[in-house]
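Working notes, structure below.
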Number of protein chains: 2
Amino acid sequence: MATSVHPKKRAKRGNRSGRASKAKSDSPSAGRSSDGPRSRAVQKKRTRSALMEAALRLMSTGRSYTSLSLREITRGAGVVPTSFYRHFPDLDELGLALVEETGLTLRRLLREARRADVPPIRIIAHSVEIYHQYIREHRLHILFMASERWGGSPLIRRSIRYETQHFATEMAQDLRELNLLPGLSMATLQMICGLVVNTMLNAASDFLDVPPDQFQVEEELTENFVRQLRVIFLGATQWKDKV
Amino acid sequence: MATSVHPKKRAKRGNRSGRASKAKSDSPSAGRSSDGPRSRAVQKKRTRSALMEAALRLMSTGRSYTSLSLREITRGAGVVPTSFYRHFPDLDELGLALVEETGLTLRRLLREARRADVPPIRIIAHSVEIYHQYIREHRLHILFMASERWGGSPLIRRSIRYETQHFATEMAQDLRELNLLPGLSMATLQMICGLVVNTMLNAASDFLDVPPDQFQVEEELTENFVRQLRVIFLGATQWKDKV
DNA sequence: ATATTCAGTCAACACTTGTGTACTGAAAGA
DNA sequence: TCTTTCAGTACACAAGTGTTGACTGAATAT
């Protein structure tokens, strides 16, 4: 307050940690505390996911995964830095675990959207609703996926690419089975689904960049997203595979 | 004077460099060397762009901008770390300068593609060719733009978003003037161009992740990109604005 | 000719970083 | 019961970080 005689320092990059972090030593707080059954295996899993969760949490203020440090993450998980190596050899490996976890829930999303017995005219809007809700529920995972897709680590990038391609493929198969877009080759369906997935992730990123209380903006973004999907599917119905 | 109680805490960013980085001292090498006219102003500009160039160069091996350190950049520019502040108050500000520079060349691209008097059937393929070449020429700038679009710094993100929106708007105006897609409202054109721009940037990212000698893969990606644009424009021609 | 400006340098600061080695103590295995 | 395993800790180290303040000397301004 009064002490800010210093010339205005520019807001630095993302790092707003919040904690004054006077603690000189790394502070264990979840290490081996009070509650629950303490079998070795479950405790290990617990810490492991505490680490993953901490990483996501640190990203939730707009920072990129690559800019997180090992120490920050362990600090956020309430564990001493060296403990990290009991779970992952590497920060990259933590990232890969996150990708995998996200991929799992993505597939669950697809399964849910799949058994939508709604009239074909409503199918886009309905899927978007599911997706919309999904984004809110798994906010941080999606954030991670969408922003590290072209982020700093080549390994993570590759892994995400694999996951999204897989996702697109499954989606293409669904389209085929539901017999929407009849007469399109699998390759074409795949191409279209790739476009859809990209549009989904872009929309998610846009979405997650607005503070969660801006209802008006959310509404607009969703509207725009639905329209873009409409354009794509409109184009898809007109597509003729060359023979 | 100046109570030396600096509350400055925030300064971290990951450097997971891995390289051995032998250079112990910061090495000036472009500071005030040999060639050319040395007026103060031009020399300043020279160093400034050396810094920007260094940042891009460091990113060209797959690292994200947010993970670069100030010292790395100055080292890459052949200048002592403290010199940085003569040009930018901040790493964010360097990033913003890069965004601006990229935006300029983007607009040049658009101007070039605009005066394409090719038959409408060829217009997509032709534009893609221009874009393709453009990506190769400005590889690093595009890389920066496409990957920091959802990268670590909120400021940079915002700035890139602004730039791409601007780009989409100009593109929409072009479409209107060329009278392709007649009968679509400006809002709809804007929505469609937003989709196109996203697709462009996604394609660029995919593209830049492929080592530059993989001709086959490049070909495939381009093909896919063209097809996706076709779907979009096909959809656009079918679109009916509600009245 | 003299004074001023200011891009770049230098040395030092307080701090964070990743990781190695040795230790601890409770859970699991015998 | 005794022994082994191993998640988490404590401490240490070399190396990197952003930023400060004082200094230098050539290009400008007077």
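Lettering of chains follows the sequences in order, A, B, ..., and the numbering in each one begins at 1.
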Original post:
Roughly how far, to the nearest 0.5 Å, is CG of B:Leu143 from CH2 of A:Trp150?
Top reply: 12.0 Å
Original post:
Do we see a donor-acceptor contact under 3.5 Å between the side chains of B:Gln190 and B:Thr169?
Top reply: yes
Original post:
Roughly, in whole Å, what's the span from CD in A:Glu72 to P in D:dG16?
Top reply: 20 Å
Original post:
Checking side chain to side chain donor-acceptor pair (under 3.5 Å) against B:Ser153, which of B:Asp92, B:Thr66, B:Asp90 comes through?
Top reply: B:Asp92
Subject >> Gap between atoms NZ and P, on A:Lys45 and D:dC6 respectively (whole Å) >> reply: 16 Å
Subject >> Length of the CZ-P vector between A:Arg75 and C:dG18, whole Å >> reply: 9 Å
**OP:** Choose from C:dT9, D:dT17, D:dT9 the nucleotide whose nearest atom is closest to any side-chain atom of B:Thr82.
**Re:** C:dT9
Original post:
Given atom CG of A:Leu68 and atom P of C:dT16, what is their separation to the nearest angstrom?
Top reply: 16 Å
Original post:
Under 4.0 Å between a side-chain N or O of B:Thr47 and OP1 or OP2 of C:dA7?
Top reply: no
**OP:** Check every strand shown and say whether B:Tyr85 touches a base, only sugar-phosphate, or nothing at a heavy-atom separation below 4.0 Å.
**Re:** base
Original post:
Taking NE2 from A:His87 and P from D:dG8, how many angstroms apart are they, rounded to a whole number?
Top reply: 4 Å
Original post:
What integer distance in Å separates A:Arg86:CZ from C:dT19:P?
Top reply: 15 Å
**OP:** Mind checking the CD-CE spacing from A:Glu163 to A:Met145? Nearest 0.5 Å is all I need.
**Re:** 5.0 Å
Original post:
B:Arg71 has an atom CZ; how far is it from atom C1' of D:dT19, in whole Å?
Top reply: 9 Å
Subject >> Separation of atom CG in A:Leu70 from atom P in C:dT19, rounded to whole Å >> reply: 7 Å
Original post:
Closest to the B:Gln43 side chain: D:dG8, C:dG8, C:dG18?
Top reply: C:dG8
